[in-house]
Undergrad: 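I'd like to ask some things about the structure below.
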Amino acid sequence: MQQSFLNLMQPYPQYWLMKSEPNSFSIHDLERLRKSSWDGVRNYQARNFMRDQMRIGDLVLFYHSNAKPPGVAGTARVCREAYPDFTTFEKNHKGFDPKSNPEKPIWFMVDVEFVEIFPRFVPLEELRRTKNLETLLVIRKGIRLSVQPVEKKHFEIIKQLGHKL
DNA sequence: GCCAACGTTGGC
DNA sequence: GCCAACGTTGGC
């Protein structure tokens, strides 16, 4: 109750950072598809952000994790709010989770649409040394959430870095 | 409810 | 490939 009231107080759009390993799904894949479900999140905190907070129109920093180098590759936009991650129901799918079923789904996903690939990739190392990004979660030690909230001012700084010549 | 063991993430 | 730091699981 309290939580949903607070949600109504949120200014929109909200801003997020979402990690994907480019080996399995990169921003180039999203550019080609234009739009994709964001399946495979298997962490409760990340799920809660998607299920309870993400709204259509929210903007997303598309982060390439486990890449050389890791960093922000571009942006995307939430175009469908949370619904059950159906890959958990498919026995032969990598995302299969026997504890989840269509009557009582555990895992959720949103859909995102392609916005842009930054003209200039912004590596993690640069985020670390950029002034005014000190509280950005992705550069904090020990934080490995694959879906994390980002402050608007941080989003804008990073977008600028991505466009800097 | 504690906590050890195990599995995963993800930078390096 | 290594490994630190997490998160989850399951025995008790």
Side-chain angles (χ1 to χ4, degrees), chain A residues 3 7 14-33 36-54 58-76 78 82-112 114-151 153-155 157-162 164:
Chain A
Q3 187 60 32
N7 287 346
Q14 302 170 105
Y15 299 87
W16 306 95
L17 179 146
M18 295 172 87
K19 296 179 185 174
S20 182
E21 303 196 9
N23 285 345
S24 55
F25 188 75
S26 74
I27 196 159
H28 300 279
D29 296 318
L30 183 61
E31 180 186 37
R32 195 170 57 249
L33 296 170
S36 173
S37 58
W38 199 274
D39 64 278
V41 172
R42 297 291 182 270
N43 169 282
Y44 288 103
Q45 209 179 342
R47 175 204 68 182
N48 292 348
F49 281 132
M50 288 200 297
R51 189 191 58 186
D52 305 336
Q53 311 232 82
M54 275 194 188
D58 284 0
L59 293 169
V60 176
L61 296 171
F62 196 123
Y63 181 89
H64 281 177
S65 62
N66 242 318
K68 288 179 288 188
V72 180
T75 62
V78 175
Y83 60 106
D85 182 341
F86 50 76
T87 67
T88 62
F89 311 139
E90 295 167 8
K91 192 136 198 175
N92 293 319
H93 196 285
K94 183 167 170 282
F96 178 66
D97 181 346
K99 294 194 297 303
S100 187
N101 61 73
E103 290 71 44
K104 208 164 182 237
I106 297 175
W107 303 113
F108 289 77
M109 59 189 176
V110 297
D111 288 355
V112 299
F114 176 77
V115 176
E116 68 164 344
I117 294 177
F118 286 158
R120 208 183 132 262
F121 182 82
V122 184
L124 175 61
E125 167 275 320
E126 183 175 357
L127 298 177
R128 289 193 196 285
R129 63 180 158 78
T130 299
K131 203 169 180 317
N132 299 326
L133 289 182
E134 291 84 358
T135 59
L136 185 73
L137 291 177
V138 76
I139 65 175
R140 292 250 284 269
K141 188 181 153 120
I143 295 198
R144 51 180 217 200
L145 270 180
S146 65
V147 176
Q148 45 181 263
V150 170
E151 293 176 45
K153 63 183 181 192
H154 290 165
F155 184 93
I157 290 170
I158 293 164
K159 188 173 159 186
Q160 269 188 8
L161 292 174
K164 203 165 75 180

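Being a predicted model, the structure only gives us computed values, none of them experimental.
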Undergrad: For R51(A), check side chain to side chain donor-acceptor pair (under 3.5 Å) against everything at least two apart and list the hits.
TA: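 R51(A): side chain to side chain donor-acceptor pair (under 3.5 Å) contacts with N48(A).
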Undergrad: Name the nucleic acid region contacted by L124(A), choosing base, sugar-phosphate or nothing; use a 4.0 angstrom heavy-atom cut-off, strictly under.
TA: sugar-phosphate
Undergrad: Which is the 5'-most and which the 3'-most nucleotide of DNA chain B that has an atom under 4.0 Å from a heavy atom of chain A?
TA: dG7(B) to dC12(B)
Undergrad: When we call it a touch if two heavy atoms are under 4.0 Å apart, what does R128(A) touch: a base, just sugar-phosphate, or nothing?
TA: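 Answer is sugar-phosphate: R128(A) comes under 4.0 Å of backbone atoms only.
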Undergrad: Taking only residues two or more places apart in sequence or in another chain, which ones pass side chain to side chain donor-acceptor pair (under 3.5 Å) with Y83(A)?
TA: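 For Y83(A) the side chain to side chain donor-acceptor pair (under 3.5 Å) partners, ignoring immediate neighbours, are D111(A).
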Undergrad: For residues 137-147 of chain A, pull every pair meeting salt bridge (Lys or Arg N to Asp or Glu O under 4.0 Å), keeping only residues two or more places apart or in separate chains.
TA: none
Undergrad: For residues 22-33 of chain A, pull every pair meeting side-chain hydrogen bond (donor to acceptor under 3.5 Å, both in side chains), keeping only residues two or more places apart or in separate chains.
TA: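 As it turns out, the side-chain hydrogen bond (donor to acceptor under 3.5 Å, both in side chains) pairs with a partner in residues 22-33 of chain A, which skip direct neighbours, are S26(A)-D29(A), D29(A)-R32(A).
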Undergrad: Here's a test of your reading of the structure: between N43(A) and N66(A), which maps to the more 5' nucleotide of DNA chain C?
TA: N66(A)
Undergrad: Let me check something: any side-chain donor-acceptor pairs from residues 61-75 of chain A under 3.5 Å, sequence neighbours excluded? List them with distances.
TA:
residue: H64(A); atom: NE2; partner: I27(A); partner atom: N; Å: 3.1
residue: N66(A); atom: ND2; partner: E21(A); partner atom: OE2; Å: 3.2

